[in-house]
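Hydrogens, waters and symmetry mates play no part in the numbers below; they use all other heavy atoms, side chains included. No experiment lies behind these values; they were computed from the predicted model shown. In what follows, chains are A, B, ... by sequence order, proteins preceding strands, each numbered from 1.
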Amino acid sequence: MASSVPRLRFAPSPTGYLHVGGGRTALFNWLYAKKYGGQFLLRVEDTDKARSTDESTRAIFEGMEWLGLQWDEEVVHQGANLERHRADALRMLANDTAYRCFCTQEELAGRRAEAEAAGGSFKYDRRCDRLDAAEIRRRVDAGVPFTLRFRVPEGSTSWDDLVHETIAFPNKDIEDFIVLRADGTPIYNLAVVSDDIAMRITLVMRGDDHISNTPKQIMLYRALGADLPGFAHLPMIHGMDGKKLSKRHGATAVGDYQHLGILPGAMRNFLALLGWAPGNDIEMMSTAQMIELFDTKGLQRKAAVFDMKKLEWMNGQYLMQMPIDELKSRVTPALSAAGLAVEDQSDAWYSTLLELLRVRSRTVDEMVAQARPYFGDAVEIQAGPMAKHWKDRPAAASILSAVRDALGALGTWEPATMEEALRGVAVALGYGDKAGKLFQPMRVALVGTDVSPGIFEVLELLGRDRSLARLDSAISLLSLN
RNA sequence: GGCGGUAUCGUCUAGGGGACUAGGACACGGCCCUCUCAAGGCUGGAACACGGGUUCGAAUCCCGUUACCGCUACCA
């Protein structure tokens with residue numbers, strides 16, 4: 001038995017950005033480690049030098065940090081462990097679980113093409129394993145390059161997956177796979193096993209797409225004389241069309257959602273529900289609750305479809321419910337980036353604005369867009385709402401004039417007084433209790449569109465001077481024929 | 001093709017032999033609230049892939065079929 005403290009890892013390869021599927025895998029590993037007091041480690045699988053970039057590595061770190069998934073020990077860079085990988089491969093050659101293969105890539109490709117052309121499937125025929133010792137010695141001495149292949153034993157390989165049940169592979173279906181390239185660098189499966197052993201990983205939790213690598217890896221653990229970790233294979237995440245989530249589906253990188261105005265807490269909550277359910281119809285969960293409730297029993301076997309609509313809804317819930325100060329810390333930078341100067345406003349005014357907008361927004365970006373009319377002196381009047389609510393220009397102009405006069409005559413600028421005055425205007429103009437006939441044209445004048453918080457809240461937010469000024473400019477715009 | 005995995009409303013899921021006229025959430029429709037938009041409340045439509053078993057009884061167990069997904073590199 002391995003250590004009693006669970007040790008898990010997330011092992012992305014830095015060949016792109018942190019994919020939401022990777023983020024979800026990382027989250028589950030992290031939750032498990034937190035729940036059982038274990039360690040969560042990060043390993044960057046950068047052995048493919050052609051595709052790995054430092055930029056991707058940074059993107060992975062940023063994505064992890066944004067999601068709030070802190071790893072416990074120093075990041076392991078797989079590329080730094082090449083010597084150990086090679087040594088492990090050589091150990092297998094020494095203990096006879098691996099052998100030299102002198103076949104070239106070209107020969108192999110040719111035989112594979114032949115087999116496929118004949119309608120069959122190619123599997124390495126072990127010809128190099130039949131070479132006698134003298135011949136092997138002769139080739140090695142002559143400097144013929146070779147790879148190291150693992151000699152797959154008879155029988156079958158199985159394990160009890162924490163997500164699925166027992167999964168078994170007949171060994172006859174697995175070819176003698178290469179573990180060490182001719183240039184002495186390790187193949188993925190060897191590097192993973194070698195590192196997982198060195199990192200003392202006790203539970204390998206990863207995507208479903210690694211199921212067929214698992215029997216090979218189990219054989220390598222055995223060949224290296226190491227204890228087996230547990231395995232848990234998480235379902236994939238698909239796009240709305242049921243295909244593996246990819247660029248075609250729009251945003252697939254964790255960072256994309258950050259830039260779309262999604263909150264990390266909402267993202268975590270949403271991702272947790274993709275492939276896992278705590279039961280009891282629980283959906284909204286704080287991170288602490290997630291850790292508390294996390295259980296591999298609730299893991300799903302079926303691929304999950306990423307539903308942006310639900311993510312947005314959930315993000316809206318977070319926006320509505322989070323403490324106002326925390327909300328400010330997330331929205332203020334976004335407003336500044338949009339050129340809206342929060343620092344010129346009083347804290348009370350800003351709080352009121354956010355309280356009014358948070359219930360109407362699903363993303364931080366939406367809040368920024370809705371906040372725009374409350375900053376600066378001028379508003380941009382949108383064509384649609386203008387055409388709709390100022391259709392009869394003279395009528396609109398007289399409504400706005402009456403409203404302006406009534407409001408201008410007020411000694412105070414309080415919602416209750418303003419409402420009383422305007423309802424009076426509505427009656428005077430013959431609209432009776434249909435004060436909305438006034439409010440919509442007003443709204444267009446005040447914020448440039450026909451959607452906003454309550455009209456009195458808008459008036460209060462804008463303040464007397466700006467409200468009156470905007471009404472004035474609307475009136476003159478309407479009089480311009 | 002071979003091997004492996006999976007299969008409950010459009011989507012995320014609850015369900016692990018009788019509590020199922022299959023529950024919740026998102027989305028969608030209706031109603032209420034109402035100055036617009038939200039939020040909120042109420043409400044409607046919407047699923048056990050198919051076929052065989054096992055059993056007194058199956059969404060739940062077994063087998064087959066189908067569909068989908070993954071793997072099948074000197075990629076990771």
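- The residue A:Asp450 sits close to a base: some heavy atom pair falls under 4.0 Å.
- Using a cutoff of 4.0 Å between basic side-chain nitrogens and carboxylate oxygens, A:Arg358 and A:Glu355 are scored as salt-bridged.
- Within 4.0 Å of A:Arg112, counting heavy atoms only, lie sugar-phosphate atoms of the nucleic acid but no base atom.
- Counting only heavy atoms from C-beta on, A:Ile187 has its side chain closest to B:C74 among B:U36, B:C74, B:C12.
- A:Cys103 comes within 4.0 angstrom of a base, heavy atoms only.
- The nucleotide whose nearest atom lies closest to any side-chain atom of A:Lys302 is, among B:U36, B:C12, B:G70, B:C12.
- Contacts of A:Ser13 with the nucleic acid, taken as non-hydrogen atoms under 4.0 Å apart, involve only primed sugar atoms and P, OP1 or OP2.
- The same atom, P, is picked in B:G16 and in B:A7; the two are 16 Å apart, to the nearest Å.
- Base pairing annotation: B:C74 forms no Watson-Crick or G-U wobble pair, as no partner gives both donor-acceptor distances under 3.5 Å.
- Without hydrogens or angle criteria, A:Asp256 side chain to A:Thr252 main chain gives a donor-acceptor distance under 3.5 Å.
- Nucleotides B:A67 and B:A49, compared at atom C1', are 8 Å apart to the nearest Å.
- Under a cutoff of 6.0 Å and an axis angle of 45°, A:Arg149 and A:Tyr99 do not form a cation-pi pair.
- Separation of the P atoms belonging to B:G23 and B:G44 is 11 Å when rounded to the nearest angstrom.
- The residue A:Ala435 sits apart from the nucleic acid: no heavy atom pair falls under 4.0 Å.
- Closest to the side chain of A:Gln105, out of B:A14, B:C74, B:U11, is B:C74.
- Nucleic acid contact class of A:Arg358 (heavy atoms, under 4.0 Å, all strands): none.
- Position along RNA chain B of the nearest nucleotide to A:Pro235 versus A:Lys216 favours A:Pro235 as the more 5'-ward residue.
- Residue A:Gln317 is in sugar-phosphate contact alone, with no base atom involved, counting any heavy-atom pair closer than 4.0 Å across all strands shown.
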Check: How does protein contact run along nucleotides 45-50 of chain B, one letter per nucleotide 5' to 3', with B for base contact, S for sugar-phosphate only, - for none, heavy atoms under 4.0 Å?
Finding: ------

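- In this structure, A:Phe306 and A:Tyr257 have tilted ring planes: the angle between them lies in the 30° to 60° band.
- Side-chain atoms of A:Glu283 come within donor-acceptor range of the base of B:G24, with a qualifying N/O pair under 3.5 Å.
- In the interface, the side chain of A:Asn280 is not paired with the base of B:A14 through any donor and acceptor atom under 3.5 Å apart.
- The listed nucleotides are B:A25, B:C35, B:C12; the one nearest the side chain of A:Ile455 is B:C35.
- Base-pair partner of B:U21: not found among the strands shown (Watson-Crick or G-U wobble, both distances under 3.5 Å).
- With a cut-off of 3.5 Å on both pairing distances, B:U36 has no Watson-Crick or G-U wobble partner at all.
- Within the nucleic acid shown, A:Thr47 comes within 4.0 Å of sugar-phosphate atoms alone, with no base atom in reach, counting heavy atoms only.
- Of the nucleotides present, B:U65 is the one that pairs with B:A49 by Watson-Crick or G-U wobble criteria, both distances under 3.5 Å.
- Contacts of A:Phe169 with the nucleic acid, taken as non-hydrogen atoms under 4.0 Å apart, involve only primed sugar atoms and P, OP1 or OP2.
- Geometric assessment of A:Lys216 against the ring of A:Phe177 yields a positive cation-pi assignment under the 6.0 Å and 45° thresholds.
- Comparing atom distances between the A:Lys309 side chain and each of B:C3, B:A27, B:A76 picks out B:A27 as nearest.
- Spacing between B:C26 and B:A46 at atom C1', rounded to whole Å, works out to 13 Å.
- A salt bridge links A:Asp176 with A:Arg126: the closest approach of a Lys/Arg side-chain nitrogen to an acidic carboxylate oxygen falls below 4.0 angstrom.
- When each of A:His164 and A:Gly454 is assigned the nucleotide of RNA chain B bearing its nearest heavy atom, the one mapping closer to the 5' terminus is A:His164.
- In this structure, A:Trp413 contributes its side chain and A:Leu459 its backbone to a donor-acceptor pair below 3.5 Å.
- Look at B:G57: it lacks any Watson-Crick or wobble partner with both distances under 3.5 angstrom.
- Residue A:His238 is classed as a sugar-phosphate contact, given heavy-atom separations below 4.0 Å to backbone atoms only.
- Contact check, A:Arg362 against B:C37: no side-chain N or O comes under 4.0 Å of OP1 or OP2.
- Using a 4.0 Å heavy-atom distance criterion, A:Gln370 is classed as making no nucleic acid contact.
- Comparing B:A7, B:U36, B:C26 by their nearest atom to the side chain of A:Arg301 picks out B:A7.
- Protein atom CG of A:Asp183 is 13 Å distant from nucleotide atom P of B:C74, rounded to whole Å.
- Set against B:C74, B:A39, B:G5, the side chain of A:Met320 has B:A39 as its closest nucleotide.
- Going from the P atom of B:C32 to that of B:A47 covers 28 Å, rounded to whole Å.
- Out of B:C26, B:U13, B:C71, the shortest distance to the side chain of A:Trp313 is found at B:C26.
- Atom OH of A:Tyr188 and atom C1' of B:C71 are 12 Å apart (whole Å).
- Applying the side-chain hydrogen bond (donor to acceptor under 3.5 Å, both in side chains) test to pairs two or more places apart or on separate chains, those with a residue in residues 12-24 of chain A are A:Tyr17-A:Glu55.
- Comparing B:A38, B:C35, B:G2 against the side chain of A:Asp173 picks out B:G2 as the nearest.
- Nucleotides B:A14 and B:G40 are separated by 24 Å at their P atoms, to the nearest Å.
- The distance from atom CG of A:Leu245 to atom P of B:C12 is 12 Å, rounded to the nearest whole Å.
- Salt-bridge annotation for A:Arg127 and A:Asp125: present, with a side-chain N of the basic residue lying under 4.0 Å from a carboxylate O of the acidic one.
- If you take atom P in B:A22 and the same atom in B:C63, they sit 27 Å apart, rounded to whole Å.
- Residue A:His85 is tested with A:Thr185, A:Asp195, A:Thr47 for a side chain to side chain donor-acceptor pair (under 3.5 Å); the sole match is A:Asp195.
- For B:G23, its base sits under 3.5 Å from the side chain of A:Asp281 at one donor and acceptor pair at least.
- Taking only side-chain nitrogens and oxygens, A:Gln300 comes nearer than 4.0 Å to OP1 or OP2 of B:A14.
- Distance check on atom C1': B:A39 versus B:C33 gives 11 Å, rounded to whole Å.
- Contacts of A:Val359 with the nucleic acid, taken as non-hydrogen atoms under 4.0 Å apart, include base atoms.
- Among the protein residues, A:Gly275 comes within range of the sugar-phosphate backbone only, with heavy atoms under 4.0 Å from sugar or phosphate atoms but none that close to a base.
- The base of B:A25 is paired with the side chain of A:Lys310 by a donor and an acceptor separated by under 3.5 Å.
- Using a 4.0 Å heavy-atom cutoff across all strands shown, A:Asn213 reaches at least one base atom of the nucleic acid.
- In this structure a side-chain-to-backbone donor-acceptor pair under 3.5 Å is present from A:Thr214 to A:His210.
- Here the nucleotide nearest the side chain of A:Asp307, chosen from B:U11, B:U36, B:A14, is B:U11.
- Between A:Arg43 and A:Glu45 there is a salt bridge, since a side-chain N of the basic residue sits under 4.0 Å from a carboxylate O of the acidic one.
- The partner of B:G44, taking Watson-Crick or G-U wobble pairs whose two distances both stay under 3.5 Å, is B:C28.
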